[in-house]
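Heads up, the thing below is written out as structure tokens.
Numbers restart at 1 for each chain; the letters A, B, ... are given by sequence-line order, proteins then strands. Every heavy atom of this structure was used, including side-chain atoms; hydrogens, water molecules and symmetry mates were not.
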Amino acid sequence: MPTAANHTERFAAKVLDWYASNARNLPWRAAGTSPWGVLVSEVMAQQTPVTRVAPQWVAWMNRWPTPAALASASAADVIAQWDRLGYPRRALRLHECAQVLCQRFHGEVPRDLTALRSLPGIGDYTAAAVMAFAFGERALVLDINVRRVHARVFVGIANHPPHITTGERSAFDAVLPKDERAPQWSQAVMELGALVCRPVPACEKCPVAKSCAWHLAGQPAAQTRARRPQSYVGTDRQARGRVMALLRDAGGNAVDIATIEGAWHDREQLQRALQSLLADGLAEMRRDGQVSLPVSASITR
DNA sequence: AACCCGGGGAC
DNA sequence: GTCCCAGGGTT
């Protein structure tokens, strides 16, 4: 008789088989990638598509292969190397993370979920991903892809709820293999969500469509539509991005305030953006009023 | 819980 | 133009 355990096992076998012949050739999946390399890839991939991350990760790891190497770099160099990956605060936190690893963890990535979770820029997802993909441990790797696949295949709804609940965690824990396949399973489900089980799904290419609760139910529409923020154009974030682009293009040299103001139409908004960048440690104002990437000795926060 | 934080590619 | 992306931190 069919049981939930059987369903779970069939799903695992099929998705692992699918992954074996459909996995993308991402550079950090190469044999020999260090735990630090995995951690860097996960931080870069926070809200940035992996196809954009890949070339940046190669250049980054070539320049700073270890936590010690990154820790000794200047913040300005770190931000400039981050370039246009977006959310440059991640670059500062990664820099700080490397320094904490050197100060408290002998320059190595800890094989410990709680320790990882305590590091700057490392949240629930990234800590679990490092445990699974760097160390081969069983961990709940709940990214946007895994949550979407889980919601559809096992729950039968179009999308996951907006926030992770304890119920979703325990339901996910029940289907994650208990054995050594868990990391590969997570990787495979992520890949399935990224390539096939997209927001607009490609069920004709899906290896588990015939056992997908949502597909079998006729793909009912999502109950609630997530409210979208206003367009990016004209936001404070775009203004910040414009200032950061100027500072990067200056190659670490200082930029005149008039040049910065000339890059944005709203003077008050630009001032707000600049102040927030200074507060975040992403920019620095010199005594003469010019602005640059943070070139001072160190940032301690 | 709500809000903030970039940038680019696909459509 | 809209939607989406291997999330995390702050309040």
Practice task
Kindly say if A/R90 contacts the phosphate of C/dG7, meaning a side-chain N or O under 4.0 Å from OP1 or OP2.
Solution key: no
Fill in the blank from the handout: A/D280 atom CG is separated from B/dC5 atom P, nearest whole Å, by 9 Å
Practice task
Determine yes or no for a side-chain-to-main-chain donor-acceptor pair under 3.5 angstrom, with A/R148 supplying the side chain and A/C197 the backbone.
Solution key: yes
Completion exercise
Closest to the 5' end of DNA chain C, once A/A194 and A/R117 are matched to their nearest nucleotides, is A/A194
Practice task
Determine whether more than 12 heavy atoms belonging to other residues, nucleotides or ligands lie under 6.0 Å from atom CG of A/N25.
Solution key: no
Practice task
Between B/dA10 and C/dA6, how far apart are the P atoms? Round to whole Å, please.
Solution key: 13 Å
Exercise for the section: Remember a base hit wins even if backbone is also touched, and classify A/R240 as base, sugar-phosphate or nothing at under 4.0 Å, heavy atoms. Expected result: sugar-phosphate
Problem - Straight-line distance of A/L140 CG to A/R169 CZ, nearest 0.5 Å - result: 6.0 Å
Handout entry: Transitive ILVMFWY side-chain link A/I144 to A/L195, under 4.5 Å
Key = no
Handout entry: Residue A/H106 excluded, over 12 heavy atoms near NE2 under 6.0 Å
Key = no
Completion exercise
Looking only at C/dG7, C/dA6, C/dG8, the nucleotide nearest the A/R89 side chain is C/dG8
Completion exercise
In whole angstroms, the gap separating C1' of C/dG1 from CD of A/Q238 amounts to 14 Å
Practice task
Scan A/G86 against the nucleic acid and name what it touches under 4.0 Å (heavy atoms): base, sugar-phosphate only, or nothing.
Solution key: base
Practice task
Evaluate the ring planes of A/F172 and A/W185, with Trp represented by its six-membered ring, and classify them as parallel (under 30°), tilted (30 to 60°) or perpendicular (over 60°).
Solution key: perpendicular
Handout entry: Short side-chain N/O contact from A/R148 to OP1 or OP2 of C/dC5, under 4.0 Å
Key = yes
Practice task
Go through residues 33-61 of chain A and report each residue with a non-hydrogen atom lying under 4.0 Å from DNA chain B, sorted by number.
Solution key: A/Q47, A/T48, A/P49, A/R52
Exercise for the section: Could you check whether A/L282 gets within reach of a base, just the sugar-phosphate, or nothing at all, counting any heavy atom under 4.0 Å? Expected result: nothing
Exercise for the section: Write down the distance between OH (A/Y125) and C1' (C/dC5), rounded to a whole number of angstrom. Expected result: 12 Å
Practice task
Grab the CG-P distance between A/L274 and B/dC5 for me, whole Å please.
Solution key: 14 Å
Practice task
Please state whether the phosphate of C/dG9, meaning OP1 or OP2, lies under 4.0 angstrom from any side-chain nitrogen or oxygen of A/R93.
Solution key: no
Handout entry: Option from A/W28, A/W82, A/W36 for which ring-ring contact (aromatic ring centres under 6.0 Å, His included) with A/W60 holds
Key = A/W82
Exercise for the section: Check whether any side-chain nitrogen or oxygen of A/Y87 sits under 4.0 Å from OP1 or OP2 of C/dG7, and answer yes or no. Expected result: no
Practice task
Please work out if A/R29 contacts a base, only the sugar-phosphate, or nothing of the nucleic acid, heavy-atom cut-off 4.0 Å.
Solution key: base
Handout entry: Nearest-Å distance for atom pair CZ/P, residues A/R147 and C/dG7
Key = 10 Å
Exercise for the section: Please measure how far the P atom in B/dG6 lies from the corresponding atom in C/dT10, and state the result in whole Å. Expected result: 14 Å
Problem - Separation of B/dG7 P from A/W82 CH2 (nearest whole Å) - result: 12 Å
Practice task
Report which part of the nucleic acid A/L85 touches: base, sugar-phosphate, or nothing (heavy-atom distance under 4.0 Å, all strands).
Solution key: base
Practice task
Verify the neighbour count for atom CZ of A/R272: are there more than 12 heavy atoms of other residues, nucleotides or ligands below 6.0 Å?
Solution key: yes
